Amino acid sequence: MTTEPAPAGSTDDRPLNTADALVQLSFLIQRILSATGAEHDLSVIQMRLLGVLRDRQAGMLELGSHLGLDKSSMTGLVSRAEKRGLVRRSPSPRDGRSVLVSLTPYGRQLADEGSAEIGRRITELAGHLTSTERTQLTQLAAALLRAQPAAAPGR
């Protein structure tokens, strides 16, 4: 079982196995996402929704697949985001029964601000690494992501 990361400034220098290191890194990244979202009164899942929609409009099924949510959870998430003025729904030109979701100007502004802040905080997190180490970290993370099948909704 993996453990929570040691507090900042901790002197625990025991080597971590791969699972513990990646899980603890994910905890740090989740803290960055949570803190950035909180500054804009957004949950992590709302931040992820804005992130997915930054470069596309998407149908509910596609969004559910990206976010790992089932249909009813997706509907609730989009409805709440729509009420806040973050996204809009429009009819799909290919299928009259489905809708496409896209960012509003306000949603785009928050997505851009959040993306910039997350990028700044993650760059700061990796700031002590050399340029070569940052490149290696990026390549290894990308290789792990490429090796994963697309997640099914609800997983």
Side-chain angles (χ1 to χ4, degrees), residues 1-9 19-129 134 137-155:
M1 179 175 204
T2 58
T3 59
E4 285 286 328
D20 282 343
L22 290 175
V23 168
Q24 288 189 32
L25 179 59
S26 78
F27 293 157
L28 288 173
I29 299 299
Q30 286 298 314
R31 272 195 238 140
I32 288 171
L33 295 174
S34 293
T36 303
E39 291 169 5
H40 299 285
D41 195 29
L42 296 169
S43 66
V44 171
I45 195 69
Q46 289 170 324
M47 293 282 291
R48 290 180 60 207
L49 174 65
L50 298 182
V52 169
L53 293 173
R54 275 186 317 177
D55 62 351
R56 69 176 68 89
Q57 57 180 349
M60 297 290 274
L61 187 61
E62 180 184 358
L63 286 172
S65 178
H66 277 292
L67 299 174
L69 297 176
D70 62 27
K71 184 178 177 181
S72 65
S73 297
M74 212 40 252
T75 299
L77 175 63
V78 169
S79 293
R80 288 185 300 279
E82 191 173 39
K83 285 179 186 167
R84 286 198 52 194
L86 302 172
V87 301
R88 71 171 69 85
R89 295 183 224 210
S90 58
S92 170
R94 292 175 295 220
D95 181 354
R97 297 169 296 164
S98 63
V99 297
L100 296 176
V101 181
S102 59
L103 293 175
T104 63
Y106 177 58
R108 176 151 317 281
Q109 175 189 344
L110 286 183
D112 291 346
E113 289 173 6
S115 177
E117 182 61 20
I118 290 165
R120 185 192 67 72
R121 290 178 183 193
I122 290 175
T123 298
E124 185 179 292
L125 175 68
H128 72 284
L129 299 176
R134 283 190 304 275
L137 177 61
T138 301
Q139 291 171 338
L140 291 169
L144 288 173
L145 293 170
R146 279 191 306 271
Q148 298 306 303
R155 287 180 72 187

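Nothing here was measured: the structure is a model prediction, and the numbers come from that model.
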Minimal non-hydrogen separation, [X] against [Y], with atom names:
X	Y	answer
M74	L69	SD-CD1, 4.0 Å
L53	A58	CD2-N, 4.0 Å
G127	R134	O-NH1, 4.1 Å

State, yes or no, whether a side-chain contact exists between L100 and P93 at a heavy-atom distance under 4.5 Å.
-> yes
Do L77 and L63 have side chains that get closer than 4.5 Å, going by heavy atoms?
-> no
Between S79 and R89, is any side-chain donor less than 3.5 angstrom from a side-chain acceptor?
-> yes
Result of checking L110, L49, V101 against L86 for side chain to side chain contact (heavy atoms under 4.5 Å, CB included) | L110
Do NZ/NE/NH1/NH2 and the carboxylate oxygens of E124 and R121 come within less than 4.0 Å?
-> no
Does [X] use its side chain to pair, donor to acceptor, with the backbone of [Y] at less than 3.5 Å?
X	Y	answer
S34	R31	no
R88	L103	yes
T104	G85	yes
R84	R80	no
S65	L61	no

Quick check for you: to the nearest 0.5 Å, what is the distance between [X] atom [atom1] and [Y] atom [atom2]?
X	Y	atom1	atom2	answer
L25	Q30	CG	CD	10.5 Å
I32	E117	CD1	CD	9.5 Å
Q139	L144	CD	CG	12.5 Å

May I have the step-by-step check of side-chain contact (heavy atoms from CB on, under 4.5 Å) for H66 and R56, ending in yes or no?
-> CA-CA 12 Å; H66 277 292; R56 69 176 68 89; 4.0 Å; yes
Sorted by chain and number, sequence neighbours left out, side-chain hydrogen bond (donor to acceptor under 3.5 Å, both in side chains) with R54 holds for S115
